[in-house]
Chemist: 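Sharing a structure with you now.
Computed from heavy atoms alone, side chains included, the values below leave out hydrogens, waters and symmetry copies.
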Amino acid sequence: MQPENDTWVSEFLLLGLSKEPELQSIIFGLFLSMYLITVFGNLLIILAISSDFHLHTPMYFFLANLSFADICVTSTTVPKMLLNVQTQSQVITYAGCITQMHFFIIFSGLDIYLLAVMAYDRFVAICHPLQYMVIMNPRLCGLLLLVSWITNVLHSLLQTSIVLQLSFCKKAEISHFFCELNQMIQLACSDSFLYNMVMYFVAVLLGGGPLPGILYSYSRIVSSIIGISSAQGKYKAFSTCASHLSVVSLFFCSGLGVYLSSAAPHSSHTSAVASVMYTVVTPMLNPFIYSLRNRDIKRALKRVTGVPVM
């Protein structure tokens, strides 16, 4: 059967997480709550770090940028979803869809790169403590952040340009709550085999690059901790990277779940539900993970809000 039209479409339909009318109010309330908690929690982390001179260190510099990236990741997807649920509309314009996809790739990729940079920071702090401030100097920190931004902007521009080369059918339904790259490629009426190959190659090369760095950093960290003779020293060394390790595990395990669910047949809805973990839940939990296990953050938050953090 030939597609109705394989030239150009002006809008897409975001099918969301459920078609059941009685669930829409529950979904709206749940996602609105999670979005507000995400924005408020990460803004508090940024405010606490920027207002406390004792937190002006490389570790907290990258944590503040991670919080900013988390706010941006959720802000590219959740507000449009909430608007669609509230107005009982599934429509998103072609330009809006491309724009949403472009910024989501940037900020989700920035999340991954910052987690890799933070793993390297913990590696230097634990394995080379006496040289930490020399190695992790402000110039290197700024350079690592700049490279992360440039790499992900270029990555997003390349992936977006690939999608712009594709043609779509008139009735373009996206089985997701936002314009996800893989869903867009699958919707194409034109032959997308070559674009698929380029997309996955670039995603593995640029998006998957930080993972080996994280694994290498933590392998060296574990080796160093094992070499510490005292139990108290081992605990102190492990506690400095426990929060980051928790965030990394949560992010990559949820991302792996999305990948495995998308690889299964007829799994678009399952993939959409699974992606909620790394697009909404993980950014929401990050402030709690870092603040509840970190005395310095607790102290700074108490100073900013006047309320003690448990």
Side-chain angles (χ1 to χ4, degrees), residues 11-17 27-28 30-43 45-46 64-87 89-115 145 148-164 172 174-185 187 199 202-203 206-207 210 247 250-251 254-255 258-259 262 268 271-287:
E11 61 187 29
F12 294 94
L13 296 180
L14 293 173
L15 301 185
L17 298 174
I27 291 174
F28 180 84
L30 181 63
F31 274 77
L32 178 61
S33 300
M34 289 194 294
Y35 179 65
L36 292 177
I37 292 171
T38 300
V39 173
F40 183 67
N42 282 288
L43 280 177
I45 294 292
I46 295 172
N65 281 278
L66 180 68
S67 293
F68 173 75
D70 283 340
I71 292 174
C72 293
V73 166
T74 54
S75 295
T76 58
T77 58
V78 177
K80 177 57 180 174
M81 176 197 178
L82 294 175
L83 179 63
N84 282 5
V85 173
Q86 185 66 18
T87 59
S89 170
Q90 297 176 322
V91 174
I92 183 171
T93 63
Y94 178 85
C97 195
I98 295 296
T99 302
Q100 186 185 66
M101 183 187 67
H102 172 68
F103 284 105
F104 179 78
I105 293 173
I106 290 177
F107 293 116
S108 60
L110 187 61
D111 250 350
I112 298 173
Y113 273 70
L114 285 172
L115 289 174
L145 180 62
S148 299
W149 269 101
I150 292 175
T151 303
N152 284 289
V153 169
L154 293 177
H155 177 208
S156 181
L157 286 173
L158 178 58
Q159 298 285 31
T160 303
S161 66
I162 290 175
V163 175
L164 289 173
I174 302 175
S175 301
H176 222 298
F177 64 94
F178 68 97
C179 295
E180 196 262 338
L181 176 62
N182 189 47
Q183 292 279 330
M184 296 285 289
I185 298 288
L187 277 178
M199 180 192 74
V202 173
L206 298 180
V247 173
L250 183 62
F251 185 91
S254 60
V258 172
Y259 174 78
S262 63
S268 296
S271 178
V273 174
S275 67
V276 173
M277 279 300 297
Y278 78 92
T279 59
V280 183
V281 176
T282 300
M284 179 185 69
L285 293 179
N286 284 356

Chemist: Ignoring hydrogens, what is the shortest heavy-atom contact between V91 and K80? Give both atom names and the distance.
Modeler: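 For V91 versus K80, the nearest heavy atoms are O-NZ, 3.1 Å.
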Chemist: Between N42 and T38, what is the shortest heavy-atom contact and its length?
Modeler: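 Minimum heavy-atom separation between N42 and T38: ND2-O, 2.8 Å.
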Chemist: So, do V73 and T77 sit near enough that their side-chain heavy atoms are less than 4.5 Å apart?
Modeler: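 A side-chain contact is absent here, since even the closest heavy-atom pair is not under 4.5 Å.
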Chemist: For a quick test of reading the model, state the closest non-hydrogen atom pair linking M277 to P283 and the distance between them.
Modeler: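 Result for this residue pair: O-CD, 4.5 Å.
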Chemist: Locate the shortest heavy-atom distance separating T74 from V280; write the atom from each residue and the value.
Modeler: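 In this case the closest contact between T74 and V280 is CG2-CA, 4.2 Å.
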Chemist: State, to 0.1 Å, how close S108 and I105 come at their nearest heavy-atom pair, and which atoms those are.
Modeler: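 Scanning both residues completely, I find the closest heavy atoms to be OG-O, 3.5 Å.
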Chemist: Between CD1 of I106 and CG of D111, what distance do you get to the nearest 0.5 Å?
Modeler: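 Those atoms lie 13.0 Å apart.
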Chemist: Between W149 and F107, what is the ring plane arrangement, given parallel below 30°, perpendicular above 60°, and tilted in between?
Modeler: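 Answer is perpendicular, since the angle exceeds 60°.
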Chemist: Are E180 and I174 side-chain neighbours, meaning at least one heavy-atom pair lies under 4.5 Å?
Modeler: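 The answer is no, as the side chains (C-beta and beyond) never meet within the 4.5 Å cut-off.
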Chemist: Quick one: CG on L110 to OG on S148, what's the gap to the nearest 0.5 Å?
Modeler: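 Going from the CG atom of L110 to the OG atom of S148 covers 6.0 Å.
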Chemist: Kindly compute the distance separating SG (C72) from CZ (F104), expressed to the nearest 0.5 Å.
Modeler: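 Taking SG in C72 and CZ in F104, the distance rounds to 12.5 Å.
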Chemist: Can you tell me if F68 has over 12 outside heavy atoms packed within less than 6.0 Å of its CZ?
Modeler: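 No, not enclosed.
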Chemist: With the side chain counted from C-beta on, respond yes when S75 and Y35 share a heavy-atom pair under 4.5 Å apart, and no when they do not.
Modeler: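 In short, these two side chains touch, coming nearer than 4.5 Å.
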Chemist: Can you tell me which residue among N286, I45, L114 is in a side-chain contact (heavy atoms from CB on, under 4.5 Å) with S67?
Modeler: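 Filter result, single survivor: I45.
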Chemist: Side-chain contact, heavy-atom cut-off 4.5 Å: T76 with M101?
Modeler: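 They are not in side-chain contact.
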Chemist: Decide side chain to side chain contact (heavy atoms under 4.5 Å, CB included) for F31 and V85; before the verdict, give the C-alpha distance in whole Å, the side-chain angles of both, and the deciding distance to 0.1 Å.
Modeler: CA-CA 10 Å; F31 274 77; V85 173; over 6 Å; no
Chemist: I need the single residue from I98, L14, T99 that forms a side-chain contact (heavy atoms from CB on, under 4.5 Å) with C179. Which is it?
Modeler: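 Option passing the side-chain contact (heavy atoms from CB on, under 4.5 Å) with C179: L14.
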Chemist: Any non-hydrogen side-chain atom of L164 less than 4.5 Å from a side-chain atom of Y94?
Modeler: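 Yes. Closest side-chain heavy atoms under 4.5 Å.
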Chemist: Please find the pair of heavy atoms, one from Q183 and one from S175, that lie closest to each other, and give the distance.
Modeler: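 Answer, listing the atom of Q183 first, then S175: OE1-N, 3.6 Å.
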